[in-house]
Amino acid sequence: MTGFEVLERLTAIAPRFRDMPFVFLTALTDRDNELKGRQLGADDYVSKPIDFEVLATIINARLARVARMEVWPRAIELSEREIAALTWSARGKTSDEIATILGLSKRTVDFHMDNARTKLGVATRTQAVVKAVTGRLIEP
């Protein structure tokens with residue numbers, strides 16, 4: 001089966017695959033094949049010989065876009081304190097340690113973590129950190 005056929009079948013069998021990133025990796029370098037791939041819904045078209053650094057960058061960009069679409073159906077505004085608390089939590093710090101670092105009480109840190117958790121629509125602190133990192137609201 002060709003890559004064109006794979007893409008056509010996937011999107012015909014399960015429409016949810018229309019949002020799945022699809023990158024052609026091919027020896028077919030002519031313009032008509034690239035156009036056909038893009039018209040079928042391919043996100044990118046990479047010709048051989050492969051520059052693996054470029055391929056990795058393309059894949060990471062496509063996955064990041066999908067993650068943003070799934071994680072952020074609406075804009076989420078976190079305060080500076082919520083971002084700071086989540087960032088330190090992502091770095092493995094406890095509420096007590098974060099309180100010391102930020103010059104706050106543990107209770108205030110927990111308050112900011114709870115607000116961030118609510119805004120992010122998750123049940124736990126760990127889920128809040130994962131969602132904030134995935135959505136690139138914080139960098140661990």
Side-chain angles (χ1 to χ4, degrees):
M1 188 181 308
T2 69
F4 301 123
E5 292 167 335
V6 169
L7 184 54
E8 285 177 322
R9 285 208 185 150
L10 279 175
T11 54
I13 292 170
R16 71 180 183 275
F17 288 130
R18 290 187 201 285
D19 295 330
M20 176 183 66
F22 196 95
V23 177
F24 273 100
L25 182 59
T26 182
L28 304 174
T29 59
D30 63 281
R31 182 177 180 275
D32 290 340
N33 280 311
E34 182 174 349
L35 282 173
K36 182 177 179 181
R38 292 185 187 278
Q39 288 167 348
L40 289 172
D43 293 282
D44 223 318
Y45 196 93
V46 180
S47 301
K48 296 176 183 174
I50 303 159
D51 180 330
F52 288 100
E53 189 174 352
V54 170
L55 180 60
T57 301
I58 289 168
I59 291 169
N60 287 332
R62 299 299 176 224
L63 292 176
R65 182 178 54 92
V66 169
R68 283 191 305 273
M69 289 169 50
E70 290 177 2
V71 173
W72 309 115
R74 60 180 174 78
I76 295 175
E77 300 281 333
L78 296 176
S79 72
E80 287 183 36
R81 290 288 192 203
E82 292 161 353
I83 290 170
L86 284 168
T87 300
W88 285 110
S89 183
R91 294 174 181 165
K93 301 297 183 189
T94 65
S95 289
D96 285 327
E97 292 169 324
I98 296 168
T100 301
I101 292 166
L102 299 179
L104 304 170
S105 69
K106 178 188 178 297
R107 183 176 176 181
T108 302
V109 169
D110 289 338
F111 171 79
H112 290 302
M113 290 298 291
D114 286 342
N115 283 345
R117 206 177 34 73
T118 300
K119 288 178 181 180
L120 292 166
V122 295
T124 68
R125 176 180 181 147
T126 302
Q127 290 171 328
V129 167
V130 168
K131 195 166 183 178
V133 169
T134 303
R136 297 188 176 168
L137 289 177
I138 64 168
E139 289 192 28

Visitor: Look at the side-chain heavy atoms of Ile, Leu, Val, Met, Phe, Trp and Tyr, link any pair under 4.5 Å apart, and say whether Val133 and Trp88 land in one connected group.
Guide: yes
Visitor: Looking only at non-hydrogen atoms, find the nearest pair between Ala85 and Leu102 and report the distance.
Guide: N-CD1, 4.3 Å
Visitor: Measuring from Thr2:OG1 to Arg9:CZ, what's the distance to the nearest 0.5 Å?
Guide: 9.0 Å
Visitor: Does the distance from a Lys or Arg side-chain N to an Asp or Glu carboxylate O, for Glu77 and Lys119, drop under 4.0 Å?
Guide: no
Visitor: Please report the interatomic distance CD1(Ile98) to OG1(Thr108), rounded to the nearest 0.5 Å.
Guide: 12.5 Å
Visitor: How far does CD of Glu139 sit from OG1 of Thr87, to the nearest 0.5 angstrom?
Guide: 8.5 Å
Visitor: Show your reasoning for whether side chain to side chain contact (heavy atoms under 4.5 Å, CB included) applies to Arg81 and Leu104.
Guide: CA-CA 10 Å; Arg81 290 288 192 203; Leu104 304 170; 3.9 Å; yes
Visitor: Output the distance between atom NZ (Lys106) and atom CD (Glu97), rounded to the nearest 0.5 Å.
Guide: 12.0 Å
Visitor: When hydrophobic residues are tied together by side-chain contacts of less than 4.5 Å, even through go-betweens, does Leu10 share a cluster with Tyr45?
Guide: yes
Visitor: Let me check something: do Ile101 and Val129 share a hydrophobic cluster, defined by ILVMFWY side-chain heavy atoms less than 4.5 Å apart, either directly or through other members?
Guide: yes
Visitor: Is there a donor-acceptor pair closer than 3.5 Å between any side-chain N or O of Lys131 and the backbone N or O of Leu120?
Guide: yes
Visitor: Could you tell me whether Asp43 and Arg38 make a salt bridge, using a distance below 4.0 angstrom between a side-chain N and a carboxylate O?
Guide: no
Visitor: Within the distance-only criterion (no hydrogens, no angle test), does the side chain of Lys36 pair as donor or acceptor with the backbone N or O of Phe4 below 3.5 angstrom?
Guide: no
Visitor: When hydrophobic residues are tied together by side-chain contacts of less than 4.5 Å, even through go-betweens, does Leu86 share a cluster with Val130?
Guide: no
Visitor: Between Asp110 and Arg107, does the salt bridge (charged side-chain N to carboxylate O under 4.0 Å, His left out) criterion hold? Intermediate values first, please.
Guide: CA-CA 5 Å; Asp110 289 338; Arg107 183 176 176 181; over 6 Å; no
Visitor: Would you check, one step at a time, whether the test side-chain hydrogen bond (donor to acceptor under 3.5 Å, both in side chains) holds for Arg125 with Ser89?
Guide: CA-CA 8 Å; Arg125 176 180 181 147; Ser89 183; 3.0 Å; yes
Visitor: Nearest 0.5 Å please: distance from the CG atom of Leu78 over to the CG atom of Leu137.
Guide: 5.0 Å
Visitor: Treating Thr57 as the side-chain partner and Glu53 as the backbone partner, does any N or O pair qualify as donor plus acceptor under 3.5 Å?
Guide: yes
Visitor: Do side-chain atoms of Glu82 reach the backbone of Ser79 as a donor and acceptor pair under 3.5 angstrom?
Guide: yes
Visitor: Short question: side chain of Asn33, backbone of Leu28 - any donor-acceptor pair under 3.5 Å?
Guide: no
Visitor: How long is the span from the CD atom in Gln39 to the CG atom in Leu7, to the nearest 0.5 Å?
Guide: 12.0 Å
Visitor: Is there a path from Leu40 to Val6 through hydrophobic residues (I, L, V, M, F, W, Y) whose side chains come within less than 4.5 Å of each other?
Guide: yes
Visitor: Is the closest side-chain heavy-atom distance between Val54 and Val46 below 4.5 Å?
Guide: no
Visitor: Quick check: closest heavy atoms across Pro21 and Arg62, and the distance to 0.1 Å?
Guide: CB-CB, 3.7 Å
